[in-house]
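All ligand and atom numbering here is 1-based and tracks the order in the structure. A quick note: this is a predicted structure, and the numbers were derived from the prediction, not measured.
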Amino acid sequence: MESPLLPAEPMLWSGWGDPARAAELPAPVRELLTELLGVRPPAAPAATFGEVRLPPAALPPAVLAALAAVTGEEHVRADDDARIRHTRGKSTPDLLLMRAGDASDAPDAVVLPGSHEEVAEVLRLCAEHRVAVVPFGGGTSVVGGLTPARRGYAGVVALDLGRLDRLRSVDPVSMTADLEPGLRAPQAERLLAGHGLTLGHFPQSYEYATLGGFAAARSSGQASAGYGRFDDMVVGMTVATPRGTLEIGRAPKSAAGPDLRQVFLGSEGAFGVITSLRLRVHRAPAVRAYEGWRFETFAAGTAALRRLAQEGAPPTVLRLSDETETMVGLAKPTDLGTPGGDSGCLVVAGFEGAPGDVAHRREQAAALLVEAGGVHLGPEPGEKWAQGRFSAPYLRDSLLAAGATVETLETACFWSDLPRLYDAVRLALLGALGSPLVMCHISHVYATGASLYFTVVTAQTGDPLAQWAAAKRAAGEAIVAAGGTISHHHGVGRDHLEAYAAEIGDLGGEILRGIKERLDPAGILNPGVLIPVY
Ligand SMILES: Cc1cc2nc3c(=O)[nH]c(=O)nc-3n(C[C@H](O)[C@H](O)[C@H](O)COP(=O)(O)OP(=O)(O)OC[C@H]3O[C@@H](n4cnc5c(N)ncnc54)[C@H](O)[C@@H]3O)c2cc1C
């Protein structure tokens, strides 16, 4: 099997990905922007690297020296380059701030530990000196998970886990692998490919996000219908906390009390630092087949996806775009045209596995999709999607530069609530933004429900941060009111704290604060993230 390409490093400091792969806006998108949305170029150009404003580094030299004694001097960096590249994550507000030259949330130093023991010692030192620690994986958080509250701390350290990048062992009998958390997904896939294996985790942030970040934020990849969510893949882990080390997971399932893995999956660095993961792996697929289907409406497509999730072996990749996303995503929207002129809704179904298994599942899925009203479009739409699956984030940078605000948000609910949730979030976004383009897709399905993923494009106002904050608040309120969860796979961070607090209630918040106080009595781990404060 071909090894995955490794992404260029470092990532663009003010945007997404490999700076050499900046995407040109396609002509139809440019036209849509001006004609439909009234987008105009922003008043000021984006700041250059040299124009970025950094606060003075606050860490006392004695603390820096103590940290250097743990990791080696070359692995403690307080230079501008390291600080800027570890400032916040990659949400649109994060990018807007960086484009405006605002690095006020920069850490005072970046520490790169080389082992579990070094992580544990850094935590001990930081607790002693009351220095906040932000575990840093790929830096792709889109929920403020890398923006700590610094008030009351002697300083902030970004704990970059990039040196913990080994495949430690493979157990081909149990089909598990022990991997370190700083591995970026393509690095992990390349190492596993050497053993004929794959994780099957391909989020859109695949090129830069890390295994530790996937576990800490409960990530879900584009092939979740076949391989599952990342939290389903974690069978064991090692965690360093300021109070000591935990080794969790000695069997795939256990009745020995509550599952402590669940305390750390989704904990976003607030309870401890994941220093090793035991993950379920799969044989690398011999066959990959992607295809497109058309449904007349989003409702009809949704019903078909539900049946696939409930009645048969679903495809490995399964996604349904609503009418707007289908129209915008097509080079020639008329390709999907029905006699009535309606562009319909595109379903992408991808099958991966052994040849016999793929053939069998394709046949089963095809029978069901036809029965549900689907029209087979052949391989082209599926392959086109697969080829461009990691490109959209590059387009976001070009849209921001052109003067558009573009951002995504996501949720999930039970099937019976889904039409109501879809309408509620769309209406909230339309109400808050005037006349934006609101697109949606379903890309993670379960027997009992599914996720909804919205992409919003609108003309930037003079204050795009306030503009998006208002839209996001309205969408969050609509999600809570319509019975959805505030996040299916992006996590809580700081941006979703209020809605998360409402979702888990006062007692839920108390439980989290109890765990936090026990594991991190000095409160140094990612302060301000995840834990509701009343
Ligand atoms: C363009 C784009 C597309 C995206 N697409 C998807 C998608 O398809 N699916 C999806 O699920 N998400 C997606 N995301 C969100 C993001 O990539 C995920 O949340 C991912 O899991 C973050 O991984 P990371 O390594 O970048 O973690 P980071 O962003 O570095 O960290 C995320 C959080 O986890 C904590 N953390 C990181 N490593 C550790 C560790 N070892 N121990 C403890 N805590 C840790 C951090 O402190 C932070 O709170 C996308 C983001 C972007 C920008």
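- At a threshold of 4.0 Å, the pair Glu9-Arg184 counts as salt-bridged, since one of the basic side-chain nitrogens sits closer than that to a carboxylate oxygen.
- For atom 21 (O) of ligand 1, the closest heavy atom belonging to the protein is Gly213 O, 3.1 Å.
- For atom 13 (C) of ligand 1, the nearest non-hydrogen atom from the set Ser219, Gly221, Ser141, Ser205 belongs to Ser205.
- Proximity to Leu146 (heavy-atom distance under 4.0 Å) selects the following atoms of ligand 1: 29 (O), 30 (O), 31 (O), 46 (C), 47 (O), 48 (C).
- The backbone N or O of Val156 lies less than 3.5 Å from a partner atom in the side chain of Asp108, making a donor-acceptor pair.
- Checked by atom type and distance alone, the side chain of Arg85 never pairs as donor or acceptor with a backbone atom of Pro10 at under 3.5 Å.
- Under the 3.5 Å distance criterion, the side-chain polar atoms of Gln204 are left unmatched by any main-chain donor or acceptor of Pro393.
- In this structure, the protein non-hydrogen atom closest to atom 51 (C) of ligand 1 is Thr140 O, 3.4 Å.
- Thr485 and Glu503 are linked by a side-chain donor-acceptor pair at a separation below 3.5 angstrom, with hydrogens and angles left out of the test.
- Interface of Gly139 with ligand 1, defined as ligand atoms under 4.0 Å from a residue heavy atom, comprises 26 (O), 28 (P), 29 (O), 30 (O).
- Numbered from 1 in the order shown, with element, the atoms of ligand 1 that lie under 4.0 Å from a heavy atom of Pro393 read 1 (C).
- For Arg130 (side chain) and Ala522 (main-chain N/O), a donor-acceptor pair under 3.5 Å exists by modelled atom type.
- Taking every non-hydrogen atom of Trp16 and a distance limit under 4.0 Å, the qualifying atoms of ligand 1 come out as 53 (C).
- Within the listing of ligand 1, atoms 19 (O), 21 (O) sit less than 4.0 angstrom from a heavy atom of Ala217.
- Ranking protein heavy atoms by distance to atom 7 (C) of ligand 1, first place goes to Pro203 CB, 3.3 Å.
- Among protein heavy atoms, the minimum distance from atom 42 (N) of ligand 1 is reached at Ile274 N, 2.9 Å.
- A distance-only check finds a donor-acceptor pair linking the side chain of Glu189 to the backbone of Leu199 [under 3.5 Å].
- Without hydrogens or angle criteria, Arg261 side chain to Val235 main chain gives a donor-acceptor distance under 3.5 Å.
- Classified by interplanar angle (parallel below 30°, tilted 30° to 60°, perpendicular above 60°), the ring pair Tyr453/His489 is parallel.
- Residue Glu498 qualifies as open at atom CD: its count of foreign heavy atoms under 6.0 Å is 12 or below.
- Among all protein heavy atoms, the one lying closest to atom 9 (N) of ligand 1 is Ser220 O, 2.9 Å.
- Close approach of ligand 1 to Lys90 is summarised as follows: ligand atoms under 4.0 Å from at least one heavy atom of the residue are 53 (C).
- Close N/O approach between His489 and ligand 1 is found [any backbone or side-chain N/O within under 3.5 Å].
- Among the atoms of Leu161, none of the N or O lies under 3.5 angstrom from an N or O of ligand 1.
- Contacts between Asn526 and ligand 1 below 4.0 angstrom, taking non-hydrogen atoms only, involve the side chain exclusively.
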Verdict with supporting geometry, Ser451 and His444, side chain to side chain donor-acceptor pair (under 3.5 Å): CA-CA 5 Å; Ser451 71; His444 306 277; 4.6 Å; no

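- Of all atoms in ligand 1, numbered sequentially from 1 with element shown, those under 4.0 Å from a heavy atom of Pro181 are 41 (N).
- Here the protein heavy atom with the shortest distance to atom 36 (N) of ligand 1 is Ala216 CB, 3.6 Å.
- Shortest contact from atom 8 (O) of ligand 1 to any protein heavy atom: Gln204 N, 2.9 Å.
- Those atoms of ligand 1 that come under 4.0 Å of a heavy atom in Gly145, given as number and element, are 47 (O), 48 (C), 49 (O).
- Between the choices Gly269, Pro135, Gly15, the shortest heavy-atom distance to atom 46 (C) of ligand 1 belongs to Pro135.
- Every heavy atom of Gly89 sits 4.0 Å or more from the atoms of ligand 1.
- Nearest protein heavy-atom contact of atom 25 (O) of ligand 1 is Thr210 OG1, 2.6 Å.
- In this pair, Tyr446 and His488 present their aromatic rings tilted. The plane angle is within the 30 to 60° band.
- Not a single heavy atom of Ala215 sits under 4.0 Å from any atom of ligand 1.
- Ring geometry for Trp16 versus Tyr394: interplanar angle over 60°, hence perpendicular rather than tilted (30 to 60°).
- With Asp520 contributing its side chain and Leu525 its backbone, the two residues share a donor-acceptor pair below 3.5 Å.
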